[in-house]
Amino acid sequence: MLEPQYDGNAVEGEIYRRWEASGFFNPDTCVAKGATKKNAKPFTIVLPPPNVTGTLHMGHAAMLVIEDIMVRYWRMKGRKALWLPGTDHAAIATQSKVESLIYKKEGKNRHDLGREEFLKRVREFAAESHDTIVNQMRRMGASVDWSREAYTLDEARGEAVATAFKRMYDMGLIYRGARIVNWDPKMQTTVSDDEIEWREEKVPLYYLQYGPFVIATARPETKFGDKYVVVHPKDKRYAKYKGGEKLSLEWINGPVIATVVKDAVMDMDFGTGAMTITPWHDATDFEIAERHGLDREQIIDERGKLLPVAGEFAGMKIRDARAAIVEKLRQKSLLVKVEEGYVHRIATSSRGGGRIEPQIKEQWFVAVNKKFTLEKSKIKGIRSGSETTLKKIMLAAVAGGQIEIIPKRFEKIYFHWIENLRDWCISRQIWFGHRIPVWYHRAFAKVSADNGNEMIAGDPPAGGAEMDWAQDPDTLDTWFSSGLWTFSTLGWPLDYARSKPKKGSDLATYHPTDVLETGYDILFFWVARMILMTGALLGDIPFRTVYLHGLVRDEKGKKMSKTDGNVIDPLDMIRKYNADATRLSLVMGAAPGSDIKLSEDKVRGYRNFTTKIWNVGRFVLMHYTPEFANQHAVFSVSDKKHLAGAVKAKREVARFIEKFQFHRAAERAYHYLWHTFADKIIEAKKEDLKDADAKKAAAAYHLLEAILMECLVMLHPFVPFVTEALYQNLPAGGKNFRREREFLMMNPWK
RNA sequence: GGGCGCUUAGUUCAGUGGUAGAACGUCUUGCUUACACCAAGAAGGUCGUAGGUUCGAUCCCUACAGCGCCCACCA
């Protein structure tokens with residue numbers, strides 16, 4: 001006899017072990033064992049690889065649950081279901097985490113340790129995180145195919161990255177150039193536009209006399225070298241100054257020759273409508289300089305200190321220099337007025353936390369607006385062999401309806417983002433990551449991207465004078481390797497001779513993938529870049545549907561964070577309640593794209609539901625007697641109605657799953673089991689079960705058993721453990737034997 | 001500055017052009033041999049505000065308010 005209380009923790013580990021050992025998580029094994037048809041349609045999800053920066057949080061748990069629901073459902077539906085797991089090295093995030101750990105413990109920075117030793121430490125940390133994460137995934141019940149597990153920084157992915165880099169370089173899509181980048185003086189690396197977090201700060205706005213102009217600035221400490229004054233071409237106040245006109249005037253460190261520039265970016269209503277520019281340290285200024293072919297000069301060095309151009313202020317940290325500079329301006333009567341409380345937005349690195357100082361640097365870029373020829377295209381609206389751009393590919397894939405984003409409103413956001421997209425800076429000055437596959441020859445002091453003799457991209461130089469070649473010291477943005485994830489995990493490029501993958505290969509079978517399920521917060525970071533990379537390299541889409549889930553917040557709607565102490569740990573919830581309850585709490589009430597509010601009460605509530613499922617099953621099993629085994633069940637009209645009702649509920653659950661309405665699917669199943677099956681049907685049949693008439697009792701029993709089976713099937717994707725545990729207890733033998741398969745997991749969803 | 005979303009029972013949220021739904025919570029009653037992590041039942045909402053379309057709107061349209069999010073080159 002089963003215990004009335006279902007103890008998930010006592011059975012989940014063993015159930016998972018048996019599932020895993022059976023090999024059924026691997027679609028090839030399903031086919032080999034005859035559980036899935038050989039020619040079955042595939043269903044593929046590649047897991048968004050969690051960062052190896054520690055442990056899984058509720059957001060990961062939500063992701064695992066939603067994906068597991070889909071994969072379990074489609075597997076039961078007979079599809080060749082592949083859910084491919086992996087982890088992400090998360091370059092900057094991991095490196096910065098390890099750096100701070102080492103600094104706290106040993107007071108050393110990465111340069112003290114050296115590249116090799118430091119990388120060894122990062123790798124150790126990453127390996128440890130990996131093990132933790134993988135165990136957590138098992139605890140959640142994720143039915144991933146471990147035999148295909150990948151890591152964004154392993155050998156196969158390295159091969160993919162190098163190949164991708166080389167190809168895109170040859171296509172003219174990757175170039176090296178001096179461009180303004182977001183420089184993080186703290187981490188000593190560039191940071192992409194999307195990795196920036198903006199903070200508002202109230203600062204004084206200084207009005208400075210610049211010859212006949214008055215200019216407004218929040219950053220007087222960058223103004224030393226300014227020799228261009230910009231106004232709007234239509235600004236009547238400055239109509240008497242012609243573009244290109246030179247003026248001699250007194251400035252911070254003495255007289256300068258200033259040139260008037262007219263550009264329409266100017267906002268005539270802001271300040272005085274005139275400003276000077278510092279192209280080396282400001283993106284807007286850089287663009288103005290580009291447009292008009294102006295000189296640029298570096299004012300601030302990579303550590304955030306002023307360069308000799310600052311005269312007496314050279315060597316000072318910019319932050320400390322401001323007051324002194326303002327004082328000097330005042331003494332020279334160049335300070336017209338100060339407006340307090342001006343709200344200024346400052347950029348910080350979302351990964352490293354440092355304050356961004358834009359710099360012009362030699363970096364590697366992916367050109368998003370450059371025309372190139374796409375040899376083979378399966379993307380709607382872009383013909384094979386036609387000229388296109390990466391931006392157009394990204395737009396076409398979604399605009400043509402080939403990729404559907406759920407919920408739909410994110411498509412607009414996506415388009416808007418693409419329109420504003422600029423060339424993607426892919427090089428990082430950190431050590432942990434894919435080293436840029438470019439070698440420079442010693443004999444050429446100056447590296448030029450235009451001349452193939454001076455550099456090799458993509459392949460290490462062949463033998464011989466190896467000593468003469470030095471590899472680029474930088475590494476690639478982590479999203480470069482993540483962008484390849486849907487196909488680098490499926491055998492590309494080894495499997496990708498010419499333009500067509502080998503028949504029967506993973507790539508041919510499982511790509512494009514069916515669903516990419518992730519949080520809406522990385523729509524741009526990742527989803528857009530996968531579309532870009534897959535378009536450029538395969539001429540195809542990476543996935544057909546993008547399902548975006550919301551952020552998991554605390555019960556008050558606040559973001560969970562360690563500093564606020566409101567973090568709910570998925571493992572805690574599993575230990576305290578069980579895995580199924582934790583899973584349900586992340587699905588129920590969670591509409592696509594909207595944030596999920598989670599509280600421990602909610603988990604407890606669904607733990608109660610798992611107990612209910614257990615007791616429903618227990619009740620049915622309790623009334624089983626061996627005589628029933630061969631008893632033919634005669635169902636009355638109302639019995640048939642009940643059974644049809646269960647089938648109907650199951651069909652509705654299926655429809656909701658297929659429409660990506662997991663919250664509604666779960667609710668439907670929940671409600672059917674509890675309020676129809678348990679409250680109505682079982683209650684009504686209790687009398688019959690006690691009846692002395694064996695036939696009547698058998699019919700009642702078989703009805704309940706039949707409905708229980710339907711319930712277990714429709715609930716399984718949501719609560720796989722408790723349903724599997726019950727299934728394993730169902731009676732075997734006799735013609736009413738309903739346990740058709742070794743596992744409920746492989747039971748067909750008819 | 002531009003865009004998007006949300007506003008429905010105490011709470012968290014579903015939902016639909018035709019007299020309002022769930023879960024949790026609350027209250028009442030029951031230790032009826034599946035389950036007290038339970039059962040039976042009850043209370044509780046003019047579906048943000050103001051207009052409009054319609055035979056009829058919580059659902060469609062317009063405006064407004066509050067909250068939240070995203071994007072952006074106001075120095």
Side-chain angles (χ1 to χ4, degrees), chain A residues 1-7 180 193-194 198 205-208 215-220 222-223 226 229-231 263-278 282-288 291 342-345 358 407-422 520-521 523-524 550-551 553 555-557 577-578 581 584-585 588-591 593-599 601-623 656 661 663-664 666-668 670-671 674-675 678-679 682-683 686 689-690 704:
Chain A
M1 195 63 240
L2 303 173
E3 293 292 322
Q5 296 303 322
Y6 166 69
D7 181 1
I180 190 139
D193 290 346
D194 306 292
W198 294 93
L205 187 65
Y206 303 93
Y207 286 79
L208 309 179
I215 57 144
T217 182
R219 302 204 58 191
T222 64
K223 296 280 150 198
D226 287 10
V229 58
V230 190
V231 295
D263 195 293
V265 284
M266 293 303 295
D267 176 356
M268 286 186 271
D269 298 327
F270 185 88
T272 58
M275 71 172 181
T276 61
I277 56 168
T278 315
D282 184 281
T284 311
D285 296 0
F286 178 80
E287 277 169 26
I288 294 171
R291 266 198 293 279
Y342 171 69
V343 179
H344 185 61
R345 297 198 328 145
K408 197 123 191 126
R409 65 189 149 92
F410 282 98
E411 288 186 4
K412 272 187 217 159
I413 299 175
Y414 173 84
F415 290 135
H416 188 237
W417 182 79
I418 305 266
E419 277 159 28
N420 290 314
L421 187 65
R422 290 187 283 180
Y520 63 72
D521 52 329
L523 178 62
F524 308 136
L551 267 40
R553 297 168 179 277
E555 59 214 299
K556 294 187 197 96
Y577 303 101
N578 60 55
L584 268 185
S585 71
M588 289 287 196
S594 57
D595 294 351
I596 306 161
K597 281 178 196 159
L598 184 70
S599 61
D601 276 348
K602 195 171 173 188
V603 184
R604 191 188 312 121
Y606 292 115
R607 186 275 318 269
N608 296 353
F609 176 60
T610 60
T611 309
K612 187 71 185 180
I613 299 171
W614 182 250
N615 279 289
V616 164
R618 206 171 140 254
F619 178 82
V620 175
L621 290 168
M622 260 170 84
H623 291 85
F656 282 133
Q661 307 248 313
H663 58 299
R664 299 182 71 181
E667 197 177 295
R668 188 77 186 86
Y670 176 104
H671 209 253
W674 203 318
H675 301 300
D679 291 351
I682 290 183
E683 288 305 322
K686 276 182 175 171
L689 285 169
K690 285 182 204 158
L704 298 188

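Remember, it's a predicted structure, so these values are computed and weren't measured experimentally. Throughout, protein chains are lettered first and strands after them, A, B, ... in sequence-line order, and every chain is numbered starting at 1.
- Of the candidates rA14(B), rA72(B), rA34(B), rA34(B) carries the atom nearest the Phe619(A) side chain, counting heavy atoms from C-beta on.
- Below the 3.5 angstrom threshold, one finds no donor paired with an acceptor across the side chain of Glu419(A) and the base of rA72(B).
- Distance noted for atom C1' between rG68(B) and rU28(B): 40 Å (whole Å).
- Taking atom P in both rC6(B) and rU19(B), one finds a spacing of 24 Å when rounded to whole Å.
- The base of rC37(B) lies close enough to the side chain of Gln5(A) for a donor and an acceptor atom to sit less than 3.5 Å apart.
- For Lys612(A) and rC37(B), the shortest distance from a side-chain N or O to OP1 or OP2 is not below 4.0 Å.
- Distance alone, capped at 3.5 Å, places no donor-acceptor pair between the Asn578(A) side chain and the Arg607(A) backbone.
- The nucleotide whose nearest atom lies closest to any side-chain atom of Lys412(A) is, among rA22(B), rG15(B), rC4(B), rC4(B).
- When the side-chain nitrogen and oxygen atoms of Trp674(A) are compared with OP1 and OP2 of rA39(B), one or more of them lie within a distance under 4.0 Å.
- The base of rA75(B) has none of its N or O atoms less than 3.5 Å from a complementary donor or acceptor on the side chain of Lys223(A).
- Consecutive Watson-Crick or G-U pairing (both distances under 3.5 Å) extending over three or more pairs maps onto RNA chain B as B:1-7 with B:65-71, B:10-13 with B:21-24, B:26-30 with B:38-42, B:48-52 with B:60-64.
- Comparing the P positions of rA43(B) and rC64(B) gives an interatomic distance of 41 Å, to the nearest angstrom.
- Distance from the side chain of His671(A) is smallest for rA22(B) among the nucleotides rA75(B), rA22(B), rG15(B).
- The C1' atoms of rU8(B) and rU58(B) are separated by 7 Å, rounded to the nearest whole Å.
- Atom P of rC59(B) sits at a distance of 15 Å from the matching atom of rU53(B), rounded to the whole Å.
- Straight-line distance between the P atoms of rA20(B) and rC24(B): roughly 23 Å, to the nearest whole Å.
- Here the side chains of Phe270(A) and Leu205(A) are in contact, with some heavy-atom distance below 4.5 Å.
- Proximity note for Arg618(A) (side chain, C-beta onward) versus rA75(B), rA40(B), rA34(B): the nearest is rA34(B).
- The side chain of Tyr670(A) has rA23(B) as its nearest neighbour among rC4(B), rA23(B), rC13(B).
- You'll find that the side chain of Thr284(A) is closest to rC73(B), out of rC35(B), rG15(B), rC73(B).
- When the C1' atom is used for both rG56(B) and rG17(B), the distance is 8 Å, rounded to whole Å.
- Nearest to the side chain of Gln661(A), among rG15(B), rA34(B), rA75(B), sits rG15(B).
- Between rA75(B), rC70(B), rC37(B), one nucleotide has an atom nearer to the side chain of Phe524(A) than all others, and that is rC70(B).
- A close approach under 4.0 Å does occur between a side-chain nitrogen or oxygen of His675(A) and OP1 or OP2 of rA23(B).
- In this structure, the nucleotide among rA23(B), rC71(B), rA75(B) sitting nearest to the side chain of His416(A) is rC71(B).
- Comparing the same atom, C1', in rG52(B) and in rA14(B) gives a spacing of 28 Å after rounding to whole Å.
- When the nucleotides rA14(B), rC35(B), rA72(B) are ranked by their closest atom to the side chain of Arg345(A), rA72(B) comes out on top.
- Within the structure, a side-chain polar atom (N or O) of Asn608(A) is placed less than 4.0 Å from OP1 or OP2 of rC38(B).
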